[in-house]
Each structure stands twice: as C-alpha cells, then as structure tokens.
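Chain naming here is simple, since letters A, B, ... match the order of the sequence lines and numbering starts at 1 in each.
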2 protein chains.
Amino acid sequence: MEFAYDIYENRCPTRLVLDRLADKWALLILDRLQSGPVRFNQLKRDIKGISQKVLSQTLKKLERDGLLVREVFPTVPVTVEYSLSELGTTLNESVSALAHWAEHNMDAVLAAQSEYDNRAP
Amino acid sequence: MEFAYDIYENRCPTRLVLDRLADKWALLILDRLQSGPVRFNQLKRDIKGISQKVLSQTLKKLERDGLLVREVFPTVPVTVEYSLSELGTTLNESVSALAHWAEHNMDAVLAAQSEYDNRAP
DNA sequence: CTCATATGGTTTCTTTTAGATACTTACTTA
DNA sequence: TAAGTAAGTATCTAAAAGAAACCATATGAG
C-alpha cells in the first residue's frame, strides 16, 4: 500500500516532523553528531552562535522524536552525552547533503543574490 | 583547497543559506517544483496550509538565492510560473529525502514520542 | 448590469517563536 | 576565596509566522 501520510496535507503529523527537521539548528546538531556522541557544552562550542536555550530545546525535541539519545553519566560534574539513535542515523545522508550544500554552492548563491539585487527596483 | 566556507561558523554566509533551506515551506516548495513549473495559486492549493503571504515571501527569497525562476506571462489575468533553476535542481535529492523521510518514518517517530511522554515526568 | 470567480499578490494585526542575557546547583582547582 | 566547568532554567525583548482582509484587473453566469 501507499503511505498513510502525505507531507502536503495540512494536518498530517508528518508536517510536525518536517518542521522539526527543517530547522537550521536541528540540522547542524544532527550533522555534528554523525561522527559520534558529543556532550552538551561541546555542541555549544562547535555550533557557533547557538544559545544554550535553543540548544537545550532543540535537543529535547529531537530526543522526543527518537532521533537522538541522551545519556547521563554520574561523574562530577555530571556528564551528558548526546548521540544519534538508529532512526537518527537514517537521516545522515540527507542532513549532510543539505547542511553542506551551502558550503559547496555559496558562490553561486551570492552571485544570484547580487544579480537579483541589481535588477530594476 | 578546502572550502572557504564553514557551516559551523557563526558569521559564515552559508548560515543564511542554510536558514533558507532549513524551512518547512521552502522545502515543500522546492519539492513540489521538481516535476516542472507550477503557478502561484497552484502551489498555494497543493501545499495545504501555506498562507499567501508566506508563499509569496518564500518564493521571493528562493528566487533571490537563484534556486528558482519566476516567469510572467502577459495573459489575462496574468500568469506567473515558478520553476527550479539549474542550481535548484542540484538540491532535488536532498530535498526529497528530507521532505519525505517523515512519511516513511512517521510511525517510528510517533512511537518514540509516546514512549518519551510516558516516562517519568 | 451585477454578482461571483479567477489571477497574483500586499497590508495589517495578533500570536508565536527566537535570541540574548543572566541565573542556578554542585563540585574542583588555583 | 574566587574562578572555572558542567548542564541546564528563567526572563525579557525583538523578530517572524500566521490569519484575515484588501487590491487591481478581467471574465463568465445569471
């Protein structure tokens, strides 16, 4: 059978998930975790510009969706490691592709932008 | 040489582009345009729940970034067609993958969510 | 002639979200 | 004693998203 879900439908639950994935910070977090578990403050240092609040919120949502796993180690001070779940790793390729497309095509985008801006106002 | 751009850097211009791509509506628009040119109101009808304002804004931004092309035909009333640019088509696979991952994995996500919600509060 | 429809938008207003900053608890090291 | 690290909350403000109405122009229905 076909999928019961349709991303083009307004009230389809997939819309909620797309909204989660289609987020700059979520993509950067998922991309960063591809090479293995990373701790909270390491993520904060690596993903430059993210605030603690947004990092915390985004991690919680991604954990709730089963895309990543949060593990607490009773060290002093406590250590919290985040890693991709099995489900999360199925996104690896698409996430990388999207997150790094910009790096590969930035020059073309910048050219398009200035061409656009120089057209008649 | 390596890329001059790094998506993990705060002030890197790629962040602006990632922010554009990492948008629910932008992804749905790019996905919808993969099969050929589509007119404004057709997009509005197909992508259920999008408002005219957001559709208009998102199309404008994607056009400015050179990802899609806007073509006006002097019919009555005027016809405006949007289609993927060459640059835009290079995103096809990643966009499809991300936009439709939710349809394929929705059940797993819903299960993860209720499991999460049933844990200790 | 008037009403309803279609086109592709813009304007306005309200609600939601994001971002910046400061604070918290607990322990270690200089 | 003060500063640093860890993993977060809480609070406040600025920006963005969403809903709804409006606009110009034109055609077809009644």
Side-chain angles (χ1 to χ4, degrees), chain A residues 8-12 15-29 32-33 37-64 68-83 116 119-121, chain B residues 8-12 15-29 32-33 37-64 68-83 116 119-121:
Chain A
Y8 286 104
E9 281 300 326
N10 199 2
R11 292 174 201 168
C12 185
R15 275 286 179 86
L16 298 173
V17 176
L18 181 62
D19 214 18
R20 179 106 343 123
L21 294 178
D23 174 80
K24 179 177 59 175
W25 300 125
L27 286 181
L28 286 172
I29 291 171
R32 182 62 190 80
L33 291 180
V38 183
R39 294 162 67 179
F40 184 88
N41 277 325
Q42 190 62 46
L43 283 171
K44 182 169 161 272
R45 278 189 293 269
D46 290 348
I47 301 172
K48 304 212 173 72
I50 194 169
S51 73
Q52 280 185 310
K53 178 189 141 192
V54 170
L55 177 58
S56 174
Q57 285 176 344
T58 308
L59 287 170
K60 241 179 239 169
K61 291 173 182 171
L62 291 173
E63 188 199 357
R64 178 167 182 267
L68 52 80
V69 175
R70 178 178 184 271
E71 203 172 357
V72 182
F73 298 95
T75 52
V76 167
V78 68
T79 298
V80 181
E81 252 184 25
Y82 292 90
S83 52
Y116 182 95
R119 281 187 228 161
Chain B
Y8 286 105
E9 279 301 325
N10 198 3
R11 291 174 202 167
C12 185
R15 277 285 179 86
L16 298 173
V17 175
L18 181 62
D19 214 19
R20 178 106 342 123
L21 295 177
D23 174 80
K24 178 176 59 175
W25 301 124
L27 286 181
L28 286 173
I29 291 171
R32 181 64 190 78
L33 291 180
V38 183
R39 293 161 66 179
F40 185 88
N41 278 324
Q42 190 62 46
L43 282 172
K44 182 169 161 271
R45 278 188 294 268
D46 291 348
I47 301 174
K48 304 211 173 73
I50 195 169
S51 72
Q52 280 186 308
K53 177 188 138 191
V54 170
L55 177 57
S56 173
Q57 286 175 345
T58 310
L59 287 170
K60 237 177 243 169
K61 290 173 184 172
L62 290 172
E63 189 200 356
R64 179 168 182 267
L68 51 80
V69 176
R70 179 179 184 270
E71 202 172 356
V72 182
F73 299 94
T75 54
V76 167
V78 68
T79 298
V80 181
E81 253 184 23
Y82 291 91
S83 53
Y116 181 95
R119 282 186 226 162

Quickly work out the [X] [atom1] to [N] [atom2] distance and round it to whole Å.
X       : N      : atom1 : atom2 : answer
B/Ile50 : D/dA16 : CD1   : C1'   : 14 Å
B/Lys61 : D/dA15 : NZ    : P     : 14 Å
A/Leu55 : C/dT21 : CG    : P     : 17 Å
B/Arg70 : C/dT7  : CZ    : P     : 15 Å
A/Arg11 : D/dG18 : CZ    : C1'   : 15 Å
A/Asn41 : C/dT24 : CG    : P     : 18 Å
A/Gln52 : C/dT24 : CD    : P     : 14 Å
B/Asp23 : C/dA18 : CG    : C1'   : 14 Å

Please work out if [X] contacts a base, only the sugar-phosphate, or nothing of the nucleic acid, heavy-atom cut-off 4.0 Å.
X       : answer
A/Thr75 : nothing
B/Lys44 : nothing
A/Tyr82 : sugar-phosphate

**Closest non-hydrogen atom pair, B/Tyr8 against B/Arg15** =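 Closest heavy-atom pair between B/Tyr8 and B/Arg15: O-NH2, 3.1 Å.
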If you compare every side-chain N and O of [X] against the phosphate oxygens of [N] (OP1, OP2), does one of them come in below 4.0 Å?
X       : N      : result
B/Arg39 : C/dT7  : no
A/Trp25 : C/dG19 : yes
B/Arg45 : C/dG8  : no

**Prompt:** 5'-most contact on DNA chain D: A/Ser56 or A/Asp19, nearest heavy atom basis?
**Reply:**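 Counting from the 5' end, the first nearest nucleotide belongs to A/Ser56.
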**Message:** Salt bridge check, B/Arg20 against B/Glu63: does any charged N sit closer than 4.0 Å to a carboxylate O?
**Reply:**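 No, no charged N to carboxylate O under 4.0 Å.
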**NZ/NE/NH1/NH2 to OD/OE distance under 4.0 Å, A/Glu9 and B/Lys48** =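 Salt bridge flag = yes for B/Lys48 with A/Glu9.
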**Item:** Earlier contact from the 5' end, DNA chain C, for B/Phe40 and A/Lys53
**Value:**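 That would be B/Phe40.
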**Item:** Heavy-atom side-chain proximity of B/Leu68 to B/Tyr82 below 4.5 angstrom
**Value:**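 With C-beta onward as the side chain, the pair touches.
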**Student check: side-chain heavy atoms of A/Ile47 and B/Asn10 closer than 4.5 Å** =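 A/Ile47 vs B/Asn10: side chains apart.
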